[in-house]
Amino acid sequence: MLRAIRASWKTRIEEELKRMNGDVVIPPLTVQTPPKIELGDIAFPLFAQAKVLGMSPPALANELKNRLGDHELLVAGPYLNVRIDVGELALHLAKKVSEDGDHYGHTRVLDGKRVMVEFSCPNTNKPLHLGHLRNDSIGESVSAILKANGAEVRKVNLINNRGVHICKSMLAYRKFGNGETPESTGIKGDHFVGDYYVRYNQEVEKDPSLEAQAQAMLKAWEDGDQETIELWTKMNEWTLQGLAESYESMNISFDHYYYESETYRYGKDEVLKGVEKGVFYREADNSVWVDLESIGLDKKVLLRSDGTSLYMTQDLGTAIKRNEDWPFDSMIYVVASEQQYHFKVLFYTLSLLGYEWAEDLHHLSYGMVNLPDGKMKSREGKVVDGDDLVEELQTLAREEIIAKEREDQVGDLAETSRAIALGALNYYLLQVSPTKDMIFNPAESISFNGNTGPYLQYMGARISSMLKRYDKEIPTSFDGSVLSLEDERSLIRQIAIFGEVVERAGEGYDPSQITAYLYELSKTFSRWYHDNPVLKAATPALIEARVGLSAMVLQVLKNAFALVGIPFLAAM
RNA sequence: GCGCUCGUAGCUCAGCUGGAUAGAGCGCCGGACUUCGAAUCCGUAGGUCGAAGGUUCGAAUCCUUCCGAGCGCGCCA
């Protein structure tokens, strides 16, 4: 609705400009939002138009206001602004929000589009670490945002369960495992296997021959050696069971799993076809290459001289397979920025093979996550374990609740602590633009004050608590004209633009648009609610309008929470 | 060396794709609870937007150069 109002003002003012001087071509107006609520709701800067007309921008603004003579117009220097009637907008929104409910703010810009989102992609030789957490957070959130824009989304996970690194943990287990299992030791499967991977790296320092043994094991695996396959199957199951538990506890899920043990064979045929077509070439040693110098990249190997495939070969094949499995309009790879080069090569190589959909592939690259006390380095054993981190956040949340003596208000303490930990984690990770490296500060993320997930959850709980005390039906229609405070018009405007924020987040694959919006909305509500009574407002009409407004804010909070993985905590 | 990404308050981050006096949070200092959840709210201080040029009515945003940081540059994944 706000969009329609903007558009109609734009044409109205442009027509007036044309009437002022029909001889010159007037540049189209740009539409903006004023930086402060006192300056109105829509802004039209007049610099370019004034120049063409030979006037100063402020003079033109005044002239336009006089000509149009509308009470909603106001002149602010070189800007002509519109201060819209919020009463009418509030009424419209109340109806819309209550009708749309959990879908309020969703758009249809991606209706009919099929989008595949690949994320997480763990190795089966160790548990998830902090980097995976950012990956999973972004993957889940972007998927939810695309769905909210109307797309049909398929979330896929590619399990890296093959390769020499997997054999390393297997080798260590065979040598030092003594038949122990996750069950017998009580250790979660992924951690159990991960411990053997660490053990390998310790042992190989003392005995370098282990390296060759791991390679030999990979060969045995590829040759289908029964004992090796059995060990591999068993250890993979342990890890995957552990990972499944982690995913579940973090509300992460997938529509489909791909396994590298199957996909690693893909792509060879495609590469050979490419050779026939002449887009790739063969070296004297029989290896196959693609020359990317025309786009400023190097030459890249696609098949080894012994004819075996590589990571790139496999990714080529996997992309093609996926498009066959589930033809998509676009596919997003959520993968760390260190693989930017890989994806450039991958996408361009696919286009060389003649796949037109190669241009619909997108690498959603995200930066590294570090801790306040320095870099995360796996070699130095400074990897931050994902399960441990969530556990730590949960403990911090529980301690905070107990310290504030809020136990009786939160219901199930363990469940609430978990919800707060997840909200804190997801909000903190998503509040930063994906492309940037970031520092994750656990204590800061869990704080109940400031720009954090728990703060937002608290706002949601408070509003729902207040609304529970209201003894009548929540109004879906009320007289919005009594909402005359600046904070009230600000809230109404924010509710109105939620859909645009969702759309922008979808266009840029950028959850931080949602987190920024959430904080702004909560902050405004919080200030307003602190200063102004709702249930005890002066008149029945004002009570009704403010309750209606609060209910709208609550619905928008819930809907936005769902897009960034923040669990909603209802009032007890 | 080459390529990609980035540089905004003491710290952690926004800045709506070129517009109004560059904004938050944390921390510091100072205020506000007999009242709807104080897990809150309000205020003060804190900036040469890495540097220098350029484009234009207008630049944190676009271009060039330089400085600094991270990540890549395997017949590893």
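Letters go in sequence order (proteins before strands), and every chain restarts at 1.
Residue A:Pro34 is in base contact, counting any heavy-atom pair closer than 4.0 Å across all strands shown. A:Ala43 comes within 4.0 angstrom of a base, heavy atoms only. As judged by a 4.0 angstrom heavy-atom cut-off over every strand, A:Glu500 is placed among residues making no nucleic acid contact. Backbone-only engagement by A:Ser526 is indicated by non-hydrogen atom pairs under 4.0 Å involving sugar-phosphate atoms exclusively. Within the 4.0 angstrom heavy-atom criterion, base atoms lie near A:Gln32. If you check every strand for non-hydrogen atoms under 4.0 Å, A:Asp298 touches sugar and phosphate atoms only. Residue contacts for A:Ile439: at a heavy-atom cut-off of 4.0 Å it reaches the sugar-phosphate backbone alone, with no base atom in range.
The interatomic distance linking A:Leu303 (CG) with B:C76 (P) rounds to 12 Å, in whole Å. One can place CG of A:Asn451 at 12 Å from P of B:G15, the figure rounded to the nearest angstrom. Regarding A:Asp510, its CG atom lies at a distance of 11 Å from the C1' atom of B:A14, rounded to whole Å. Atom pair A:Asn161:CG and B:A77:P shows a separation of 13 Å (rounding to whole Å applied). In this structure, A:Asn441 atom CG and B:U12 atom C1' are separated by 8 Å, rounded to whole Å. Between the CZ atom of A:Phe448 and the C1' atom of B:C41 there is a distance of 18 Å, rounded to whole Å. Per the geometry, CD1 belonging to A:Ile295 stands 13 Å off C1' belonging to B:C4, to the nearest Å. Rounded to a whole Å, the NE2 atom of A:His342 is 9 Å from the C1' atom of B:A77.
Applying the 4.0 Å criterion to OP1 and OP2 of B:C41, one finds that A:Tyr455 has a side-chain N or O inside that range. For A:Ser337, no side-chain nitrogen or oxygen approaches OP1 or OP2 of B:U5 to under 4.0 Å. Checking the phosphate oxygens (OP1, OP2) of B:A14, a side-chain nitrogen or oxygen of A:Ser433 falls inside 4.0 Å. Distances shorter than 4.0 Å separate some side-chain N or O of A:Lys436 from OP1 or OP2 on B:A14. Contact between the side-chain N/O atoms of A:Arg469 and the OP1/OP2 oxygens of B:G37 is found at a separation under 4.0 Å. Within the structure, every side-chain polar atom (N or O) of A:Gln431 is placed at least 4.0 Å from both OP1 and OP2 of B:A24. Phosphate proximity of B:G58 to A:Lys51: absent, as no side-chain N or O sits under 4.0 Å from OP1 or OP2. Residue A:Arg504 places none of its side-chain N or O atoms closer than 4.0 Å to OP1 or OP2 of B:U17. In this structure, A:Arg304 reaches the B:C76 phosphate: one of its side-chain N or O atoms is under 4.0 Å from OP1 or OP2. Using a 4.0 Å cut-off, no side-chain N or O of A:Arg462 falls inside it from OP1 or OP2 of B:C36.
Under the 3.5 Å distance criterion, with hydrogens and angles disregarded, no donor-acceptor pair is assigned to the side chains of A:Arg418 and A:Gln394. With 3.5 Å as the limit, one finds no donor-acceptor pair spanning the side chains of A:Thr524 and A:Asp487. Looking only at atom types and distance, the side chain of A:Ser490 has no donor-acceptor partner in the side chain of A:Glu486 under 3.5 Å away. A:Asn286 and A:Ser305 form no side-chain donor-acceptor contact under 3.5 Å, judged by distance and modelled atom types alone. A:Glu118 and A:Tyr258 are not linked by any side-chain donor-acceptor pair at a separation below 3.5 angstrom, with hydrogens and angles left out of the test. A donor atom on one side chain and an acceptor atom on the other are not found under 3.5 Å apart for A:Tyr200 and A:Gln213. Side-chain contact check for A:Asn160 and A:His165: no donor-acceptor pair (N or O, by modelled atom type) lies under 3.5 Å. Side-chain contact check for A:Asn441 and A:Tyr428: no donor-acceptor pair (N or O, by modelled atom type) lies under 3.5 Å.
Taking only side-chain atoms of A:Ala461, from C-beta outward, the nucleotide of B:G37, B:C36, B:C41 with the closest atom is B:G37. Listed nucleotides: B:C42, B:C36, B:A32. Nearest to the side chain of A:Leu535: B:C36. Residue A:Tyr428 places its side chain closer to B:U12 than to any other of B:U12, B:C41, B:C76. The side chain of A:Tyr519 lies closest to B:A24 when the candidates are B:C36, B:A24, B:C76. Checking B:C13, B:A24, B:A20 against every side-chain atom of A:Lys523, the shortest atom distance belongs to B:A24. For A:Asp437, whose side chain is taken as the heavy atoms from C-beta onward, the closest listed nucleotide among B:G70, B:G37, B:C73 is B:G70. Distance from the side chain of A:Met438 is smallest for B:C13 among the nucleotides B:G72, B:C13, B:C36. Nearest to the side-chain atoms of A:Ser465 among the listed nucleotides B:C41, B:G37, B:C73 stands B:G37. Distance from the side chain of A:Val432 is smallest for B:C13 among the nucleotides B:C13, B:C36, B:C41. The side chain of A:His530 has B:C41 as its nearest neighbour among B:C41, B:A20, B:G37.
B:C63 and B:G27 have their P atoms separated by 38 Å, with the value rounded to a whole Å. Rounded to whole Å, the C1' atom of B:A32 lies 44 Å from the corresponding atom of B:A69. When the C1' atom is used for both B:U48 and B:G53, the distance is 16 Å, rounded to whole Å. The separation of B:U55 from B:U64, taken at their C1' atoms, amounts to 11 Å, rounded to a whole angstrom. Using P as the reference atom, B:C6 and B:G10 are 23 Å apart when rounded to the nearest Å. Across the P atoms, B:C42 and B:U17 are found 27 Å apart, a figure rounded to whole Å. Here the separation of B:U61 from B:G15, taken at their P atoms, is 15 Å to the nearest Å. Across B:U56 and B:G18, the matching C1' atoms stand 10 Å from one another, rounded to whole Å.
Aromatic rings of A:His342 and A:Tyr311 (six-membered ring for Trp) have centroids within the 6.0 Å cut-off, being under it.
Annotated as syn: B:C33, whose glycosidic dihedral is within 90° of 0.
The base of B:A77 has none of its N or O atoms less than 3.5 Å from a complementary donor or acceptor on the side chain of A:Asp315.
By the 5.5 angstrom centroid cut-off and the 30-degree plane limit, A:Tyr341 is classified as not stacked against the base of B:C4.
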